[in-house]
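Below you'll find the structure, written out as structure tokens, and then a few comments.
A note on names: the letters A, B, ... follow the listed sequences, proteins ahead of strands, and every chain is numbered from 1. Predicted model only: the values in this text are computed from it and were never measured. Scope of the values below: all heavy atoms of this structure, side chains included, with no hydrogens, waters or symmetry mates.
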Protein chains: 2
Amino acid sequence: MYSIKKVSEMLGIPTVTIRAWEKRYQIINPVRSNGGHRLYSEEDINTLNWIKNQMDEKDLKISEAVSLLKQKTVDRVADVELYTIKKERDNLIEMLYQDLIGLNTIKAHKTIDLAFSLYNYVDVFHNILAPVLYRIGTEWEDGKIAVAQEHFSSQIIMQRCSQFLWSLPIQPNLPKGLSLCPEGEHHQMGLMLFSLFLRNKGLDITYLGPDTPLNELPAIIRMKDISLVVISITNPDNIEELEAWVKTCRRDFPDVKIVLGGTGFQNQRTTMSSYVLPDKVSDWETWYTSTIDK
Amino acid sequence: MYSIKKVSEMLGIPTVTIRAWEKRYQIINPVRSNGGHRLYSEEDINTLNWIKNQMDEKDLKISEAVSLLKQKTVDRVADVELYTIKKERDNLIEMLYQDLIGLNTIKAHKTIDLAFSLYNYVDVFHNILAPVLYRIGTEWEDGKIAVAQEHFSSQIIMQRCSQFLWSLPIQPNLPKGLSLCPEGEHHQMGLMLFSLFLRNKGLDITYLGPDTPLNELPAIIRMKDISLVVISITNPDNIEELEAWVKTCRRDFPDVKIVLGGTGFQNQRTTMSSYVLPDKVSDWETWYTSTIDK
DNA sequence: TAGATTTTGTATAGTTTATGTACAAGTAAT
DNA sequence: ATTACTTGTACATAAACTATACAAAATCTA
């Protein structure tokens with residue numbers, strides 16, 4: 001906390017002027033001491049300094065510098081207020097896409113917050129977050145958008161999804177599960193959605209995520225007393241290794257259920273087709289009632 | 001024990017003034033003799049001396065020096081309290097470590113929640129989450145724990161950290177920043193901590209995270225009007241490529257500030273050493289005041 | 001373009017607060 | 001008895017506060 005004299009000396013602005021700016025343009029709001037003297041915070045000084053720099057560098061008048069400053073703050077708020085108007089789902093998807101492509105952390109999270117406030121979370125996952133990430137993933141593969149944009153987007157969306165992985169209630173009597181993509185696999189949205197589906201049913205799912213070495217699974221299965229393993233694959237080249245692993249798993253843990261999924265299985269012949277799960281969410285329900293909720 | 005006159009002569013402060021300070025600012029509390037005369041302890045004299053030095057050296061008013069003093073004692077009390085619950089903190093670290101190693105999503109989040117309820121968030125980041133992740137990272141490199149355990153742990157800790165990246169308030173007049181690790185780099189905890197440090201100062205930081213291709217940065221810098229780029233490196237092999245990039249960046253964006261960090265720079269000769277940031281958090285403050293908060 | 005109006009920095013007046021010091025009247029120490 | 005200390009009140013000066021005023025510069029208007 002600084003007195004007006006200190007600030008005046010630091011910034012080279014007369015005290016009268018500082019007070020006049022405060023009164024005329026409401027750019028700062030210093031705290032007062034018991035006796036009513038102004039006490040300036042770092043933030044206040046920042047603002048004054050910025051104003052003065054703008055005036056000096058760009059030869060602006062005080063009023064112009066102030067409206068620049070207000071513009072900066074207003075931009076954020078206005079963006080957020082816009083959301084309350086446009087709230088149809090397609091709009092939300094487009095907005096979120098733009099936020100993510102534009103690397104706007106704050107706006108993206110605000111949009112997701114809005115989505116969660118308008119729709120139930122299952123709906124948000126499947127009809128907003130997943131489509132956006134799918135679109136971004138496709139455009140990334142086509143080279144239409146940059147790596148950084150794709151990483152940034154999936155990082156934010158995955159983060160929001162995984163919050164639900166630990167906040168939803170668990171029913172301890174249901175089986176425990178493990179979900180993962182093998183090494184070299186990075187597309188985890190499908191895996192996340194299915195894990196959330198199971199988590200929503202009350203299963204205790206440990207989400208290991210992408211790039212998990214299959215040879216580590218037996219130890220984990222034993223340690224956590226797992227009875228359901230969910231594996232997602234995008235690249236068909238990984239099927240062979242997975243096939244071998246499934247075989248040993250069936251032998252070592254005959255009671256453990258295995259579920260496979262992901263685009264890697266489309267139009268591929270494999271000995272494991274009985275474990276492969278369809279993409280449709282309605283089929284998930286069928287699978288669940290027949291396999292887990294028997 | 002010293003009489004008021006002795007103290008006055010020792011410190012060069014009139015007796016009247018000493019009494020006025022005692023009455024007005026409650027900074028000292030000298031014992032009284034039977035007859036009511038003040039008897040000053042060494043501690044009282046130290047306090048007075050400190051106050052006087054502050055006023056002389058930093059040209060502070062008595063009221064300002066006093067509030068500094070009170071702040072100092074508050075800090076010390078906090079230190080002492082911290083010390084008494086240091087055991088508790090070590091306990092938390094151990095608990096969290098066990099939760100993460102045991103792949104217990106829910107318990108790990110509960111432990112982190114507990115940590116946030118006991119300490120301020122900066123403390124939690126630097127003294128609980130970072131040490132745990134560091135320990136797990138080391139044990140992973142030594143082959144003591146599995147890949148799955150390391151991935152799982154860093155996924156959870158990063159998720160908790162990044163929540164702060166978009167919930168802390170922003171000061172729009174401060175510069176905008178970008179933080180990232182280049183391609184092939186995966187250790188992001190240091191980058192995250194420094195990003196949080198800047199975010200905490202009110203800077204609008206876009207966290208791109210690990211594995212970001214450097215050649216995409218110019219477009220992003222233009223798009224988001226970035227004026228600060230933070231890059232972290234663990235592997236010294238990446239220094240050469242980074243050096244080239246820094247050179248072109250300096251040429252194309254002379255106004256953009258660059259900050260480099262990470263263990264990759266330890267004991268390495270490089271032309272970029274002027275941009276390299278020390279590890280110590282106190283040095284971060286120095287860097288900030290001299291570079292951003294000029 | 002001349003004159004009116006607005007913007008902006010600064011000045012001034014009358015108070016109030018902050019801070020160091022002075023003084024009076026009484027008590028303690030030696 | 002003399003010197004030092006106590007409390008309480010008072011006072012002077014510096015620094016801030018509010019409010020109003022004013023002049024130069026910039027901008028608008030007829």
Nucleotide dA4(D), atom C1' - distance to OH of Y2(B) in whole Å: 19 Å
Please confirm whether the shortest side-chain N or O distance from R32(A) to OP1 or OP2 of dT18(D) is below 4.0 Å. yes
Check whether Y40(B) forms a cation-pi arrangement with K6(B) (NZ or CZ under 6.0 Å from the six-membered ring centre, at most 45° off the ring normal). no
Could you tell me if R199(B) sits above the aromatic ring of F164(B), with its cationic atom closer than 6.0 Å to the ring centre and no more than 45 degrees from the axis? no
Find which nucleotide of DNA chain D each of K23(A) and R38(A) is nearest to by heavy atoms, and output the residue with the more 5' nucleotide. R38(A)
Atom-pair distance (CD1 on I4(A); P on dA18(C)), nearest Å: 15 Å
Audit row: F197(B), W287(B), ring-ring contact (aromatic ring centres under 6.0 Å, His included) steps and yes/no: CA-CA 12 Å; F197(B) 168 80; W287(B) 171 86; 7.3 Å; no
How does protein reach along nucleotides 7-12 of chain C, written 5' to 3' as B (base within reach of a heavy atom under 4.0 Å), S (only sugar-phosphate), or - (no contact)? -BBBB-
Nearest to the side chain of K5(B), heavy atoms from C-beta on, is which of dA4(D), dA18(C), dT7(D)? dA4(D)
How close do I220(B) and L208(B) get, heavy atom to heavy atom, and via which atoms? CD1-CD1, 4.1 Å
Atom-to-atom span, CE of M1(B) to P of dC5(D) - whole angstrom: 16 Å
Quick one: CD1 on I226(B) to CG on L103(A), what's the gap to the nearest 0.5 Å? 8.5 Å
Under 4.0 angstrom between S3(B) side-chain N/O and dC5(D) OP1 or OP2: yes
Measure from CG on N34(A) to P on dT17(C) and round the result to the nearest Å. 11 Å
Going by atom types alone, do N104(A) and K224(B) pair a side-chain donor with an acceptor below 3.5 Å? yes
Rounded to whole angstroms, how far apart are CZ on R19(B) and P on dA4(D)? 13 Å
Can you check the K6(B) NZ to dA29(C) C1' distance for me, whole Å? 13 Å
Remember a base hit wins even if backbone is also touched, and classify S33(B) as base, sugar-phosphate or nothing at under 4.0 Å, heavy atoms. sugar-phosphate
What's the separation between atom CZ in F194(B) and atom CH2 in W284(B), rounded to the nearest 0.5 Å? 6.5 Å
Rounded to the nearest Å, what distance is computed from the OH atom of residue Y40(B) to the C1' atom of nucleotide dC5(D)? 10 Å
Specify the separation, in whole Å, of atom CD1 of I18(A) and atom C1' of dC17(D). 14 Å
